[in-house]
Amino acid sequence: QQQVKQSPQSLIVQKGGISIINCAYENTAFDYFPWYQQFPGKGPALLIAIRPDVSEKKEGRFTISFNKSAKQFSLHIMDSQPGDSATYFCAASSNRNSGYALNFGKGTSLLVTP
Amino acid sequence: EAQVTQNPRYLITVTGKKLTVTCSQNMNHEYMSWYRQDPGLGLRQIYYSMNVEVTDKGDVPEGYKVSRKEKRNFPLILESPSPNQTSLYFCASRWGSGPSYEQYFGPGTRLTVT
């Protein structure tokens with residue numbers, strides 16, 4: 001059972017545009033929400049993460065927006081660049097999870113065209 | 001350089017032939033885990049270990065074994081591989097068991113079972 005639902009599955013954005021990837025969860029015990037970026041042939045790498053006590057976190061061109069009441073969070077990539085083309089995974093976890101596992105979404109393949 | 005290494009990177013084998021995928025980290029991390037990545041399914045945790053000699057099942061443990069005899073190594077064992085274990089496998093490690101510690105992924109092992 002997928003605990004984190006991610007959409008869209010794929011996304012094409014023009015250079016300079018805004019890329020938006022959305023995730024939703026049901027488990028109210030989740031208290032840590034990271035986003036991972038994966039380039040072809042590489043393992044995922046942590047991009048940015050947020051805790052539910054804040055509604056937004058920004059790091060450079062990457063912003064997480066968090067809506068606790070709706071149980072949704074999203075990644076916004078401003079001024080998208082061809083180098084941002086990768087697969088993005090949202091995830092959620094809780095200190096009350098057995099093994100503190102990260103529950104990943106299914107991923108979004110982002111292509112930024114020149 | 002801080003890293004998680006996996007070997008082999010690519011492996012083609014036949015049904016029933018036992019194999020081991022090695023994983024090693026040089027960051028003195030307590031927590032290590034194995035994931036498999038399948039198209040459309042994202043990353044799913046197979047097994048995890050919170051410290052030496054402490055291992056437990058993740059979401060998809062069937063057909064896999066692990067051991068943690070040393071802090072740095074966490075091999076994944078397939079005693080009798082089957083075609084449905086054809087997948088991309090990632091080892092990961094982090095400093096502590098809490099999920100908010102950054103998780104570092106290895107480069108992946110692509111396994112094909114014929």
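Here is the naming used below: chain letters follow the sequence lines, and residue numbers restart at 1 for every chain.
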Could you tell me whether [X] atom [atom1] has more than 12 heavy atoms of other residues or ligands within 6.0 Å of it?
X: A:Gln14; atom1: CD; answer: no
X: B:Ile12; atom1: CD1; answer: no
X: A:Met78; atom1: CE; answer: no
X: A:Lys42; atom1: NZ; answer: no
X: A:Glu56; atom1: CD; answer: yes

Checking heavy atoms, do the side chain of [X], its backbone, both or neither come under 4.5 Å from chain A?
X: B:Gln6; answer: neither
X: B:Tyr35; answer: side chain
X: B:Arg110; answer: neither

Can you find a heavy atom in the side chain of B:Phe90 that is under 4.5 Å from one in the side chain of A:Gln38?
->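 Side chain of B:Phe90 against side chain of A:Gln38, heavy atoms only: contact under 4.5 Å found.
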Verdict with reasoning, B:Gln103 to A:Tyr36, per side chain to side chain contact (heavy atoms under 4.5 Å, CB included) | CA-CA 10 Å; B:Gln103 186 146 264; A:Tyr36 280 78; 3.2 Å; yes
In terms of hydrophobic clusters joined by side-chain contacts under 4.5 Å, are B:Ile46 and B:Val113 together?
->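 B:Ile46 clusters together with B:Val113.
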Quick one: what part of A:Pro34 sits under 4.5 Å from any heavy atom of chain B, side chain, backbone, both or neither?
->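 Neither part, no heavy atoms under 4.5 Å.
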Hey, what do you get for CZ (B:Arg94) to CG (A:Leu46), rounding to the nearest 0.5 Å?
->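 So the gap between those two atoms works out to 11.5 Å.
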